[in-house]
Amino acid sequence: MRMTNLFFATLRETPSDAEVVSHQLMLRAGYIRKLTSGVYTYMPLMWKVLKKISNIIREEMDAAGAQELLMPILQPEELWEESGRWQAYGKELMRVQDRHGRMNALGPTHEEIITALVRDEIKSYRQLPVNLYQIQDKFRDEIRPRFGVLRGREFLMKDAYSFDTSEEGLETSYQKMSEAYTRIFKRCGLETRMVRSDSGAIGGSVSHEFMVLTKTASGENDVLYCDTCTYAANSNRAESVMPPAQTDGKFSEAKEAETPGVKSIEDLTKFFGIEPSCICKTLVYIADNKPVLALIRGDRTVEEIKLKNVINANEIRIAGNAEIEELTQKFGFNAQPGFIGPKGIDVQIVGDESIKELKNFVIGINVTNKHFVGANWGAEFNLPKKIADIRLALAGDFCSECDGKLEITKGIEVGNIFKLGTKYSEKMKANFTDENGKEKPFIMGCYGIGVSRTAAAAIERYHDKDGIQWNMAIAPYHAVIVPVNVKDEFQMGIAEELYKRLIEKNIETVIDDRDERPGVKFKDADLIGFPVRITAGKTLSEGMVEIKLRSTGEMFKVLKDEAVSKVVELIKQELCGS
RNA sequence: CGGGAUGUAGCGCAGCUUGGUAGCGCACCUCGCUUGGGACGAGGGGGUCGCACGUUCGAAUCGUGUCAUCCCGACCA
């Protein structure tokens, strides 16, 4: 490809509405342009990257025994009624009406379509198992699209669906997919962690997410992972074992104490000269419009998602100050926030495991400017009946599965795998006949990879101040040749010759034949992120060209006749190394 | 849906308070000059100032409405 022909434009300035690095760089380097909120055009460079990722996915999916097909994006309402998701999916499901007034959905995922298809086509256990996948645009009408291609409304996704005759079969399919996923991301140059997750709205029993750990602040999720074993989990469901802490308040006497204006945990620690871990903190939440008290050790934070799951609520939020006072008044107290406690408040109370070992602790008693000190469970206070893990796991906690320690990082979810079981096949009456002539629903699994999101994750993970550092396997081109001065016939001649010979070697090469000053070409090459740059300039006086690696900055000066073999070698190395 | 902000050339922004010929930088076109890290000079093209209504002799500027985009949250994962 000649740079003078390539459809692209780099921007010197960062568009003001791009917040995260991948979004900024994709815009600046000419990979994407926004059409409307959450919807982007993939420019030629971007499309090359997406095709590379897609092809890696294809190779690994095919190798794992899956078959590619392509399903429509427009899906009739009836199928979604069958699964019950026309109602359940909510506003994220983009609904469109056709000229006859019939309703359709733009596919956010394809369980309904594939289940209906397989129901019609597969009748016997002899035809199973089968795993079908597609790489296709999905549409989800996100409330708030953001981060460019990381969380768009329209995005490229690979989705696969497995159909088995038994749970054991599903386990095998699931295992195969998890192995394929690990290989796929590795080949894209991305280290991923397989993270346990709730199956959530899609349903089913077991699911895992594949996360790219990014360190930068631009990841969407906090991920806690063990430094020793493979345990990793989203922070909103990570389990941990707390490290030892001072949990004995060492008050010699159990009594009410005056605590004027002492409201926060920090105030209390200062006032009494104790550790925050000697305090029982009481938080008021409103869950589905009903107040709930959450008790947790003073040095710990409640994870609202965990609390929500424990009490089986649909919606949860922290109560406002007015609501807290109102609550205390309802039970005959009149306490301000900061002095709340469980005693005498007859609502659902959930205690975090962290409060069990508290001794001689400090706790609120619903009297403004007073606390109770030297409290003990079973004496002055009763341990809540409901004790659960509702706490946010922290870096430095111990792993719940081994002796290791948890660390925290940001993560971007690039893939997920679900065991669906018979959730869809039962509702949609998708049955096969087993060995005994009995009708049974398919046992299903589904497996997604965000293709466009994977590209964004790769940029989030690998970039520097100058631009993108693509892994060789997914870079739009392998190499760029920069003739420093295109009007210098000698330089240009060498550059053209190298270009021809690299193309002959099947190296995907761009020649920057623009009549620009060298600074511009170097800046653009770095920004776009060509993994290998070959410069034909002043070193030609010694018969040499320069070869520079984008990822490491490593530079080689080689004789021009050796340039091609050196480039081929470097590219091979990088492709195998990943 | 709640809170905040912004819509002026492809991009980044000024102008608006105090109404009177629509500006700057980058990008683009022409010529010259320059060629190892986003040069320089001269000339040029491109804007119904998001849209609608209103106030006014006159609106980018004031008022009302509306649409869009972005950020924080809720949601999703």
Side-chain angles (χ1 to χ4, degrees), chain A residues 8-20 23-24 27-30 33-39 88-93 108-109 138 140-148 150-153 155 157 195-202 207-211 219-223 233-237 286 304-305 308 314-318 320 411-418 448 450 453 465-467 482-492 512 514-528 533-541 544-546 548 553 555 557:
Chain A
F8 87 113
T10 53
L11 306 175
R12 190 177 299 202
E13 286 162 300
T14 303
S16 57
D17 53 7
E19 202 70 7
V20 300
H23 189 196
Q24 291 172 350
L27 286 169
R28 283 193 56 208
R33 290 292 181 255
K34 186 172 75 175
L35 210 217
T36 182
S37 180
V39 179
Y89 213 100
K91 289 189 180 160
E92 217 173 280
L93 184 65
T109 171
K138 296 282 184 286
R140 293 182 188 170
D141 198 7
E142 294 280 348
I143 296 174
R144 183 147 94 84
R146 58 181 125 180
F147 305 148
L150 268 179
R151 192 169 202 75
R153 292 196 293 168
F155 53 96
M157 184 170 166
V195 167
R196 281 140 231 246
S197 59
D198 281 346
S199 23
I202 299 186
S207 72
H208 289 87
E209 291 168 348
F210 284 76
M211 295 267 196
E220 290 210 277
N221 306 83
D222 285 323
V223 176
N234 203 315
S235 67
N236 60 26
R237 51 192 156 238
I286 307 291
E304 292 183 16
I305 306 270
K308 182 175 125 179
N314 293 315
E315 192 199 6
I316 192 166
R317 64 180 171 81
I318 191 105
I412 300 171
E413 181 191 341
V414 287
N416 54 42
I417 54 180
F418 287 90
R453 181 181 270 198
K465 65 174 175 39
D466 294 316
V482 179
V484 169
N485 182 356
V486 298
K487 288 188 178 143
D488 182 324
E489 283 179 24
F490 179 61
Q491 278 182 19
M492 203 52 198
D512 195 346
R514 294 177 299 170
D515 183 12
E516 287 284 356
R517 295 172 61 82
V520 173
K521 300 196 207 182
F522 292 148
K523 286 285 183 190
D524 278 348
D526 288 347
L527 185 58
I528 293 168
R533 189 183 83 197
I534 304 133
T535 308
K538 63 187 177 194
T539 53
L540 279 177
S541 58
M544 315 273 264
V545 296
E546 264 172 32
K548 189 174 180 185
M555 185 122 78
K557 266 166 87 174

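So that the names make sense, note that chain A is the first sequence line, chain B the second, and so on, each numbered from 1.
Protein atom NZ of A:Lys523 is 10 Å distant from nucleotide atom P of B:A39, rounded to whole Å. Atom-to-atom, CG of A:Leu35 to P of B:U69 comes out at 11 Å; the value is rounded to the nearest Å. With rounding to whole Å, A:Ile305 atom CD1 is found 9 Å from B:A74 atom P. The interatomic distance linking A:Arg12 (CZ) with B:A27 (C1') rounds to 9 Å, in whole Å. Atom-to-atom, CZ of A:Arg28 to C1' of B:G38 comes out at 10 Å; the value is rounded to the nearest Å. B:U35 atom P lies 13 Å from atom NZ of A:Lys538, rounded to whole Å. One atom, CZ of A:Phe8, and another, P of B:C28, lie 10 Å apart when rounded to the nearest Å. The CG-P distance, from A:Asp488 to B:U35, rounds to 11 Å in whole Å.
Checked by atom type and distance alone, the side chain of A:Arg153 pairs as donor or acceptor with a backbone atom of A:Ser37 at under 3.5 Å. Listed for the A:Arg28 side chain is no donor-acceptor partner under 3.5 Å among the backbone atoms of A:Thr14. No donor-acceptor distance shorter than 3.5 angstrom exists from the side chain of A:Glu19 to the backbone of A:Phe147, with no hydrogens or angles considered.
Within 3.5 Å, a donor on the side chain of A:Asp524 pairs with an acceptor on the base of B:G38, or the reverse. Contact annotation: side chain of A:Lys521 to base of B:U35, donor-acceptor pair absent below 3.5 Å. Side-chain atoms of A:Asp466 stay outside donor-acceptor range of the base of B:G37, with no qualifying N/O pair under 3.5 Å. Contact annotation: side chain of A:Arg514 to base of B:G38, donor-acceptor pair absent below 3.5 Å. Between the side chain of A:Lys548 and the base of B:G37, a donor-acceptor pair under 3.5 Å is found. The base of B:G36 lies close enough to the side chain of A:Glu546 for a donor and an acceptor atom to sit less than 3.5 Å apart.
Taking 4.0 Å as the cut-off between side-chain N and carboxylate O, A:Lys91 and A:Asp141 do not count as a salt-bridged pair.
A:His23 has its side chain out of reach of A:Leu150: every pair of non-hydrogen atoms, C-beta onward, lies at least 4.5 Å apart. Looking at heavy atoms from C-beta onward, A:Thr109 lies in side-chain contact with A:Arg140 at the 4.5 angstrom threshold. A heavy-atom distance below 4.5 Å is found between the side chains of A:Val482 and A:Arg533.
No option in A:Val195, A:Asn416, A:Ile417 other than A:Ile417 meets the side chain to side chain contact (heavy atoms under 4.5 Å, CB included) test with A:His208. A:Thr535 pairs with exactly one of A:Glu546, A:Met555, A:Lys548, A:Met544 by the side chain to side chain contact (heavy atoms under 4.5 Å, CB included) rule, that one being A:Glu546.
Spacing of C1' atoms, B:A68 relative to B:C28, comes out at 27 Å, to the nearest Å. Atom P of B:A42 sits at a distance of 25 Å from the matching atom of B:G47, rounded to the whole Å. Distance check on atom P: B:G19 versus B:C13 gives 27 Å, rounded to whole Å. B:U8 and B:G15: their C1' atoms are spaced 9 Å apart (whole Å). Look at the P atom in both B:A74 and B:G37: the space between them is 48 Å, to the nearest Å. Distance check on atom P: B:U21 versus B:G73 gives 44 Å, rounded to whole Å. One P atom belongs to B:G65, the other to B:G12, and the distance between them is 29 Å to the nearest Å. Straight-line distance between the P atoms of B:A22 and B:A39: roughly 33 Å, to the nearest whole Å.
Comparing atom distances between the A:Phe522 side chain and each of B:C71, B:U35, B:G37 picks out B:G37 as nearest. Comparing atom distances between the A:Arg146 side chain and each of B:G38, B:A74, B:U69 picks out B:A74 as nearest. Here the nucleotide nearest the side chain of A:Arg517, chosen from B:G38, B:A74, B:A39, is B:A39. Distance from the side chain of A:Lys34 is smallest to B:C70 among B:G36, B:C70, B:G38. If you check B:G36, B:U69, B:U34 against the side chain of A:Thr36, the one that comes closest is B:U69. If you check B:G37, B:G38, B:A39 against the side chain of A:Arg533, the one that comes closest is B:G37. In the set B:A39, B:U69, B:A74, B:A74 carries the atom at the smallest distance from any side-chain atom of A:Arg144.
Nucleotide B:C51 forms a pair with B:G65, judged by Watson-Crick or G-U wobble geometry with both contacts under 3.5 Å. B:G41: Watson-Crick or G-U partner is B:C31, with both key distances under 3.5 Å. For B:A74, there is no paired nucleotide, since no Watson-Crick or G-U wobble pair has both relevant distances below 3.5 Å. Shown here, B:C16 forms no base pair; nothing in the strands shown gives a Watson-Crick or G-U wobble contact with both key distances under 3.5 Å. B:G46 makes up no base pair with any nucleotide shown, lacking Watson-Crick or G-U wobble contacts both under 3.5 Å. Judged by Watson-Crick or G-U wobble contacts below 3.5 Å, the nucleotide B:A9 has no partner.
Residue order along RNA chain B, read from the 5' end via each residue's closest nucleotide, puts A:Val486 first among A:Val520 and A:Val486. Comparing A:Glu516 and A:Glu92 by the nucleotide of RNA chain B whose heavy atom lies nearest to each, the residue mapping closer to the 5' end is A:Glu516.
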Detail all sub-3.5 Å separations between protein N/O atoms and N/O atoms belonging to nucleotides 8-15 of chain B.
| unit_1 | atom_1 | unit_2 | atom_2 | d |
| --- | --- | --- | --- | --- |
| B:G12 | OP1 | A:Ser16 | N | 3.0 |
| B:G12 | OP1 | A:Ser16 | OG | 3.3 |
| B:C13 | OP2 | A:Ser16 | OG | 3.1 |

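Residue A:Leu527 is in base contact, counting any heavy-atom pair closer than 4.0 Å across all strands shown. Note on A:Arg153: nothing from the nucleic acid sits closer than 4.0 angstrom, heavy atoms only.
Between A:Pro108 and A:Tyr89, the shortest heavy-atom distance links the atoms CB-OH, 3.7 Å.
With sequence neighbours left out, the side-chain contact (heavy atoms from CB on, under 4.5 Å) criterion links A:Glu516 to A:Arg514, A:Val520, A:Lys521.
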